Structure formats: structure tokens, C-alpha cells
Trainee: 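Mind looking over this structure? Questions follow.
None of the values given here were measured: they were computed from a predicted structure. Because only heavy atoms are used, hydrogens play no part in the values below, and waters and symmetry mates are left out as well, while side chains stay in.
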Amino acid sequence: MHLTQIMRYPVKSLQGEAVSSGEIDLNGLRGDRSWGIRDEATGKVLTGRRAPELLFATATLASDETPVITLPTGTTCHGPGAQTDAALSEWLEKPVRLVNSVGVPAGRAEYFADATDDGSEAIEWTMPADRFVDAHPLLVLTTGSLRTAAALHPEGDWHVRRFRPNLLVDVAEDGWVEDAWCGRSTIRVGTADLRPQEPCVRCTMVTRPQPGLDGDRDIFRTLARHHRGLFGAWTAVANGGTVRVGDEVRAAS
């Protein structure tokens with residue numbers, strides 16, 4: 001097994017950037033989901049579940065670890081501040097603010113009770129402190145799971161961008177490979193030791209359109225029908241370290 005892709009998402013629910021290497025600490029991949037866009041009326045951090053237009057903007061990380069955001073209008077926002085907040089508010093048509101996840105109360109967000117129905121009940125949840133992640137510091141996905149899911153819905157586009165993992169692991173076998181790691185294995189990647197905790201529960205995010213990908217509710221329906229809506233592994237960090245594309249990945253019980 002080898003690490004075939006590292007993805008970092010500086011701003012929650014925006015498109016991110018592929019990097020050739022990254023530093024992992026106990027909070028996850030450094031620079032990942034460190035920022036979010038907060039609705040100033042509700043105090044909630046926006047996500048692509050409730051604000052799908054977020055997926056059409058892109059964030060990269062500047063050398064000072066602040067985000068550079070490119071909006072679909074072509075406007076570029078550099079780091080936090082009044083100008084960025086004004087541009088984001090104009091784009092989203094409501095007052096919002098770019099906020100950092102460190103040193104603030106844990107972020108609140110919402111998801112739909114029915115991942116295929118935006119009219120279903122909106123349920124609030126609280127994210128872990130110090131990072132705008134859904135549950136655990138990292139999301140790991142294997143190419144085996146991608147191939148297995150694509151075979152069940154071949155008309156769909158199962159591009160990895162739909163699923164927003166931090167680490168994509170290339171494996172030879174098909175099947176839901178990472179499920180077997182959850183709660184039982186330590187994964188060595190580069191100099192980091194990772195502990196997959198539980199399969200990732202998927203939501204409406206995987207159905208959303210984004211640049212180069214059409215919306216497809218059958219993506220979620222396929223996962224729900226064949227794998228209880230699970231895809232990838234939420235993962236904790238046992239020991240931080242450096243990871244690089246091409247690193248061997250070893251699982252040990």
C-alpha cells in the first residue's frame with residue numbers, strides 16, 4: 001500500500017489543494033480545516049451541506065498559514081479581515097466572517113436528516129475543538145473502496161474530490177479495505193502513526209455539484225444501500241510526523 005494523494009482544505013467546505021507532503025500533528029494535517037466561514041446571524045459555521053455554493057470556491061494556504069480564497073466570481077481574498085468578510089458576504093448574500101478554529105468555542109454546524117432531501121430537518125452538531133473537522137482529525141480513504149463503490153453505480157462519477165479525504169491510500173484489493181482498520185490497527189504513513197477509529201458516515205455533501213462534477217443523489221443512495229452510508233475512515237493521530245506522496249503505508253494490529 002502506498003500514499004497516492006494528500007489533500008488539504010484550509011477553509012471548511014471550500015475546494016482545497018493537493019500537496020506533495022504534509023506535517024501531521026495530533027489535530028490532523030497541518031493547515032487543514034483551520035478556517036471556516038461563520039454565519040454572523042446564527043453563529044454557525046457554514047458547510048456545503050446547507051450552503052452548497054461553498055464548493056465552488058477554492059482555498060489554498062499562504063506562507064503565513066492564512067488562506068487565499070478564490071471565489072467563483074474571480075475575486076481573490078487574502079487572509080482574514082474586513083475586506084475578505086465583505087467579499088464573502090456579498091458573494092453569499094448574507095453577513096459572514098472568516099474565522100480561525102483555534103482558541104474559539106467549538107464550531108457549530110448543521111446537516112440534513114435525509115441526505116437526499118434538502119427540505120428535511122436540519123440537525124445541529126458541534127465539531128471538535130481547534131479544528132473545523134466533522135468528527136476526527138483525519139479522513140482516510142482507499143482506492144479499493146472507490147473501485148468497489150463505482151462498480152455498484154457505474155453511471156456515477158466517483159472522483160475522489162467528492163469525498164474530501166486527507167489521505168488517499170492506493171491498495172491492490174477491492175472491498176471496503178479501511179473498515180477493517182477501524183479500532184483494530186495502527187497505520188504507519190511516513191513518520192506518522194495513525195489510528196482509524198470508525199467508518200465515516202456520509203451525508204448530502206457527496207451528492208453536491210462542484211466544479212467538474214454534476215450533482216448525483218444516487219452516490220449517497222448507493223452507499224446507503226450497499227454499505228450503510230459509510231465510506232472512508234475517520235482517523236485519530238497516535239504520533240505526528242511527515243507524510244509524502246509515495247510513502248509506503250503499513251497496517252499493524
Side-chain angles (χ1 to χ4, degrees), residues 6-19 21-51 54-55 57-71 76-89 91-92 94-111 124-140 164-167 189-198 200 205 233-243:
I6 304 169
M7 285 297 298
R8 179 173 63 197
Y9 302 91
V11 179
K12 187 168 183 64
S13 283
L14 272 56
Q15 298 293 327
E17 55 184 339
V19 294
S21 64
E23 297 298 320
I24 289 177
D25 57 31
L26 294 181
N27 285 325
L29 182 64
R30 195 165 299 165
D32 181 63
R33 296 171 172 93
S34 295
W35 300 83
I37 299 172
R38 186 177 66 203
D39 186 324
E40 291 296 86
T42 67
K44 295 181 176 69
V45 175
L46 297 177
T47 77
R49 300 165 178 85
R50 296 275 280 163
L54 294 180
L55 287 164
T58 299
T60 59
L61 207 61
S63 58
D64 63 357
E65 297 194 348
T66 60
V68 177
I69 299 172
T70 303
L71 302 181
T76 300
C77 307
H78 296 271
Q83 287 187 326
T84 292
D85 294 341
L88 292 173
S89 297
W91 171 50
L92 295 170
K94 58 183 172 184
V96 298
R97 178 174 294 181
L98 180 67
V99 294
N100 190 270
S101 62
V102 177
V104 300
R108 296 179 298 126
E110 292 180 327
Y111 66 95
E124 181 177 313
W125 95 99
T126 300
M127 292 175 270
D130 294 330
R131 198 67 64 91
F132 292 135
V133 296
D134 290 346
H136 291 280
L138 292 168
L139 180 58
V140 176
R164 302 173 67 83
N166 296 115
L167 306 179
V189 187
T191 60
D193 294 314
L194 312 178
R195 289 181 178 160
Q197 298 294 297
E198 56 186 319
C200 176
M205 283 282 287
W234 278 323
T235 299
V237 179
N239 295 295
T242 303
V243 295

Trainee: Just jot down the side chain to side chain donor-acceptor pair (under 3.5 Å) partners of E23, sequence neighbours excluded, or say none.
Mentor: T242
Trainee: Residues two or more places apart in sequence or in another chain: which of them pass salt bridge (charged side-chain N to carboxylate O under 4.0 Å, His left out) with E17?
Mentor: R8
Trainee: Do L167 and I6 come close enough that some side-chain heavy atom pair is under 4.5 Å?
Mentor: yes
Trainee: Run the side chain to side chain donor-acceptor pair (under 3.5 Å) test against N239 and tell me which residues pass, sequence neighbours left out.
Mentor: D193
Trainee: Are any of the side-chain heavy atoms of V19 and L61 separated by less than 4.5 Å?
Mentor: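 V19 vs L61: side chains apart.
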Trainee: Locate the shortest heavy-atom distance separating G241 from A192; write the atom from each residue and the value.
Mentor: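 Smallest heavy-atom distance, with atoms named: N-CB, 3.9 Å.
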Trainee: If you compare all heavy atoms of S13 against all heavy atoms of L55, which two are closest, and at what distance to 0.1 Å?
Mentor: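 In terms of heavy atoms, the two residues are closest at O-CD2, 3.4 Å.
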Trainee: Quick check: do L139 and V133 have side-chain heavy atoms less than 4.5 Å from each other?
Mentor: no
Trainee: Could you pull out the closest heavy-atom pair between L54 and G48, with the gap in Å?
Mentor: CD1-N, 4.1 Å
Trainee: Please find the pair of heavy atoms, one from D134 and one from P128, that lie closest to each other, and give the distance.
Mentor: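 Shortest heavy-atom contact: O-CD, 3.9 Å.
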Trainee: What are the two closest non-hydrogen atoms of P95 and S89, and how far apart are they?
Mentor: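 Between these two residues, the closest heavy atoms are CA-OG, 3.6 Å.
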Trainee: Check whether T84 reaches the backbone of P80 with its side chain - one donor and one acceptor, N or O, closer than 3.5 Å.
Mentor: no
Trainee: Give the table of side-chain donor-acceptor pairs shorter than 3.5 Å for residues 24-33, with sequence neighbours excluded, one pair per line with atom names and distance.
Mentor:
unit_1	atom_1	unit_2	atom_2	d
D25	OD1	N27	N	2.9
D25	OD1	G28	N	3.3
D32	OD1	Y9	N	2.8
D32	OD1	N166	ND2	3.2
D32	OD2	N166	ND2	3.2
R33	NH2	R164	O	3.3

Trainee: Indicate yes or no: at least one non-hydrogen side-chain atom of S34 is less than 4.5 angstrom from one of R131.
Mentor: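 Sidechains of R131 and S34: in contact.
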Trainee: Go through the structure and list residues passing side chain to side chain donor-acceptor pair (under 3.5 Å) with Q197, not counting sequence neighbours.
Mentor: none
Trainee: Distance-only criterion, 3.5 Å: show the donor-acceptor pairs between side-chain atoms of residues 62-69 and protein atoms not counting sequence neighbours.
Mentor:
unit_1	atom_1	unit_2	atom_2	d
D64	OD1	T66	N	3.1
D64	OD1	T66	OG1	2.6
D64	OD2	T66	OG1	3.3

Trainee: Please determine whether a side-chain nitrogen of the Lys or Arg among D85 and R97 lies less than 4.0 Å from a carboxylate oxygen of the Asp or Glu.
Mentor: yes
Trainee: Within the distance-only criterion (no hydrogens, no angle test), does the side chain of T70 pair as donor or acceptor with the backbone N or O of T76 below 3.5 angstrom?
Mentor: no
Trainee: Please report the closest heavy-atom contact between T235 and A233, naming both atoms and the distance.
Mentor: OG1-O, 3.0 Å
Trainee: So which of I37, V99, N100 actually passes side chain to side chain contact (heavy atoms under 4.5 Å, CB included) with F132?
Mentor: V99
Trainee: Examine distances only and state if a side-chain atom of E40 and a backbone atom of V96 form a donor-acceptor pair shorter than 3.5 Å.
Mentor: no
